[in-house]
Colleague: 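Supplied in structure tokens, the structure appears directly below.
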Amino acid sequence: MTFPSQSESVARSASLLARVDGLLEHAETLARTTVATGDYYRQVLGELADILEADSVAVWSARDESVSLLFDSRRELDRDRVAQAVEPIGRLEADRTVLVPPGAGGRLPNALEFARCIACVSVAPSLRLALDVRLPPAAQRGENIADVVAAVAAIVVEFHRGRQLERMFSLAVERDHVAALCQTLHTTLDRRRIALDLANEGAAALRIDRVSVLLADESGFRLEAATSVNEINRRANASRAIEQLVFDVRHQGTALPWTSADESTDAAKAYLQESGANRVRVEPLGSQPGSWDEACGAVVLESFSNAPLHPDFDGVTEVCRHATTALTNAAAHESHGLRSRLLRWKALAPSRRVRTIAISIVGVLLALALIPTNFELESHGQVQPARRRHIYAPADGVITKVFVDNTAAVDEGKTLAVMRNPDLDLEEQRIRGEIATSNARLGAIRATRVDHDRRPTSTSAGQLAAEEEELKKTLESLGRQLEIVNRRVAELTLRSPIAGHVVRWDLIRSLESRPVRQGQLLMQVVDPTGPWQLELRIPDRHVRHVLAAQAAAKDANPLSVRFLFRMSPKTTYSATLDDVHLATDLDQDGELSTLAKVTLNPKNIPDLRPGSSVIAKINCGRRSLGYVWLRELLEFLQTRVLF
């Protein structure tokens, strides 16, 4: 065994000290940058492991007897190894560096196969930071290892202190922003102004991408303000989706914490898909945090990024508490103002006649407000078989033959019409011509290779073989092209997808020998023997009442529907509402409406005809007589005069 000479030892020590000085300088410089904590550990401790030829380096945080692992340079960790490594950390005093040999016992045990140099430094009165270096047996005899580890640990502790100061400063700034927002909410007694301040200034104060505020009214929660939105379009799908989200969350009875699409409920997942947000949170503005009891509004917070939320301070709860108080005070002020006006009006009626008239008017108003009646909303629609299919033109072309006529009975797969596409015919002829040419050329090459007397002297056998293989590949490609063209030609034969009856007036005269465009509706096939349904178009101004009544009735008591046919208005039929679509679109008259479906019993309704027009009334529960009679006038005043 050879030992290094004295000069070699001195040179190695000098090199080690130079590398350590460079590491300390690099660690101090890196700590003054905005580097992430994980990247700082990875760079500094990785370089320390290289200098000391260590197996791995770890950083531990110890508070009293509680120890947690902050970083370990080992990429793969198991619980047993971490449990073995944590034993001496909690027992080591602050500002002390020890070298624990492998297999040691006693007060500072070491169950690992490596020697461990542990430097424990105090960060705060009750918080210590331990730098744990695992050394292989060959490195245990190195000098000044404890001093090097202690020096690096001191710099790492300073880095931690700097990061803690930054977090405390950021937390103080965020608290100041939240306090300023809460003060702003109490500067007005206008509920709409409070909602606008909360939506616009709340996004900046809470560091959230979008804040939407909904205020409570008689039908639920109505979207009042959103971040960076000057005017709310209540007919937009986004507005309806956010109101539906709050409705579903309120139905659950609790607030919705920060939720992403991967971990969300059905309601939150549907809204996240509609809005494009990454996370969403819903908080009620009630007397108790997270409670919907007597809630005067709700706040919907959305984040469009994957950035982590602030772990130390959640200002949402504080803002919601102040917003609840501000909205409650504003509502009380509005109520008090109305009562003051009523008292002034009473002073203007000193005569008996005026008092009598006033009492009569009040009596009528009370009757309109207190007498309940059925609240029914009118809508129009058509009767259609539930099982029907539309037949569209698969491509541009000309219909050469129509085999059925209106009301003709067809079986599934029966040919309805045949189309012809000149472009496909031309493409088929071209491919077949190229196939014939290639086959002729291939036959000539094969004959040339067999008959040596006919082989040209300038053409080698290898060239002929290569040309033959090229023609084979060409024929294979042409064969695949011909298959594709044949499939497209076969699709031009229109067949019935179901068994039923064809529906289109004057079918042969309107389609045969006429050009059509791809996607053009040609006819439809209906199955009159199956179930029938009534497809209603609910006007946009009525949808919210239907949805509210449907939610109040729940699934056990679906809404009842009365309807009559325009062709026979003497008879009235009844059914129940099955489904109301979420989306709102334009109907045939260009009006915004929502589709609703009602299942019918064909046995109770004679002579059902596809497309028959009906007038229906949906029962939305019982409301006051005045609201039922004057609802449209009130809504007109709200939207056209007061808004």
Side-chain angles (χ1 to χ4, degrees), residues 273 384-450 459-527 530 583 585:
Q273 292 176 354
Q384 295 287 358
R387 191 165 181 262
R388 66 182 188 275
R389 298 293 185 272
H390 293 87
I391 310 299
Y392 299 93
D396 296 344
V398 178
I399 297 181
T400 58
K401 182 66 176 177
V402 178
F403 297 94
V404 293
D405 203 349
N406 185 37
T407 70
V410 295
D411 296 327
E412 182 177 355
K414 178 180 177 57
T415 301
L416 304 177
V418 176
M419 292 179 56
R420 178 176 174 271
N421 188 314
D423 294 336
L424 289 179
D425 296 340
L426 183 61
E427 181 68 11
E428 181 180 6
Q429 292 178 6
R430 181 190 65 79
I431 295 173
R432 292 187 183 277
E434 291 183 5
I435 291 175
T437 302
S438 298
N439 283 326
R441 178 59 181 162
L442 182 61
I445 291 175
R446 288 174 176 173
T448 302
R449 294 183 63 185
V450 173
T459 305
S460 63
Q463 291 176 338
L464 291 174
E467 188 174 358
E468 181 179 354
E469 290 300 322
E470 182 180 358
L471 287 173
K472 289 180 179 179
K473 296 295 183 181
T474 302
L475 286 172
E476 291 179 4
S477 176
L478 291 173
R480 290 193 294 269
Q481 295 179 33
L482 185 60
E483 290 178 1
I484 295 174
V485 171
N486 289 336
R487 284 200 300 269
R488 295 183 61 185
V489 171
E491 291 175 356
L492 297 180
T493 300
L494 307 179
R495 303 181 185 277
S496 176
I498 61 173
H501 292 267
V502 178
V503 177
R504 174 159 179 168
W505 175 253
D506 203 5
L507 185 60
I508 297 177
R509 182 173 176 273
S510 60
L511 290 182
E512 196 169 84
S513 301
R514 292 182 180 272
V516 294
R517 303 290 295 177
Q518 183 177 7
Q520 179 179 338
L521 178 62
L522 304 179
M523 65 190 80
Q524 64 175 339
V525 181
V526 301
D527 182 9
D585 53 8

Colleague: Return yes if a side-chain donor-acceptor contact under 3.5 Å exists between Ser477 and Gln481, otherwise no.
Modeller: yes

Colleague: Without swapping roles, check the side chain of Arg504 against the backbone of Val525 for a donor-acceptor pair under 3.5 Å.
Modeller: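 Looks like no, no N/O pair under 3.5 Å.
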
Colleague: If you look at every heavy atom in Trp505 and Ser510, which pair is closest and at what distance?
Modeller: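 So the minimum-distance heavy-atom pair works out to O-OG, 4.2 Å.
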
Colleague: For the CG atom of Leu416 and the CE atom of Met523, what is their distance to the nearest 0.5 Å?
Modeller: 5.5 Å

Colleague: Roughly how far, to the nearest 0.5 Å, is CZ of Arg420 from CG of Leu492?
Modeller: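 So the gap between those two atoms works out to 10.5 Å.
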
Colleague: Is the shortest distance from a Lys or Arg side-chain nitrogen in Arg480 or Glu483 to a carboxylate oxygen in the other one below 4.0 Å?
Modeller: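 So Arg480 does not pair with Glu483 through a salt bridge.
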
Colleague: Could you measure the distance from the CG atom of Leu494 to the NZ atom of Lys414? Nearest 0.5 Å is fine.
Modeller: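 Answer rounded to 0.5 Å: 13.0 Å.
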
Colleague: Between Arg509 and Arg514, what is the shortest heavy-atom contact and its length?
Modeller: O-NE, 3.2 Å

Colleague: Given 3.5 Å as the limit, does a donor-acceptor pair link the side chain of Gln520 with the main chain of Ala393, or not?
Modeller: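 No, Gln520 side chain to Ala393 backbone: no donor-acceptor pair under 3.5 Å.
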
Colleague: Going from CG on Asn421 to OG1 on Thr400, what distance comes out if it is rounded to the nearest 0.5 angstrom?
Modeller: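 Separation between the atoms: 11.5 Å.
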
Colleague: So does Lys472 pair up with Glu476, basic N to acidic O under 4.0 Å?
Modeller: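 No, Lys472 and Glu476 are not salt-bridged.
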
Colleague: Show the nearest heavy-atom pair for residues Pro394 and Met419, with the distance to one decimal.
Modeller: CD-SD, 3.7 Å

Colleague: Find the distance between CG (Leu424) and CD (Glu428) and round it off to the nearest 0.5 Å.
Modeller: 8.5 Å

Colleague: Just wondering, more than 12 heavy atoms not from Glu470 lying within 6.0 Å of its CD?
Modeller: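 At most 12 heavy atoms, drawn from other residues, nucleotides or ligands, come within 6.0 Å of this atom.
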
Colleague: Starting at CG of Asn406, measure out to CG of Asp506 and round the result to the nearest 0.5 Å.
Modeller: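 Result: 9.0 Å between the selected atoms.
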
Colleague: Identify the heavy atoms of Pro385 and Asp527 that sit nearest to each other, and give their distance.
Modeller: CB-O, 3.7 Å

Colleague: Any ion pair linking Arg430 and Glu434 (charged N to carboxylate O, less than 4.0 Å)?
Modeller: yes

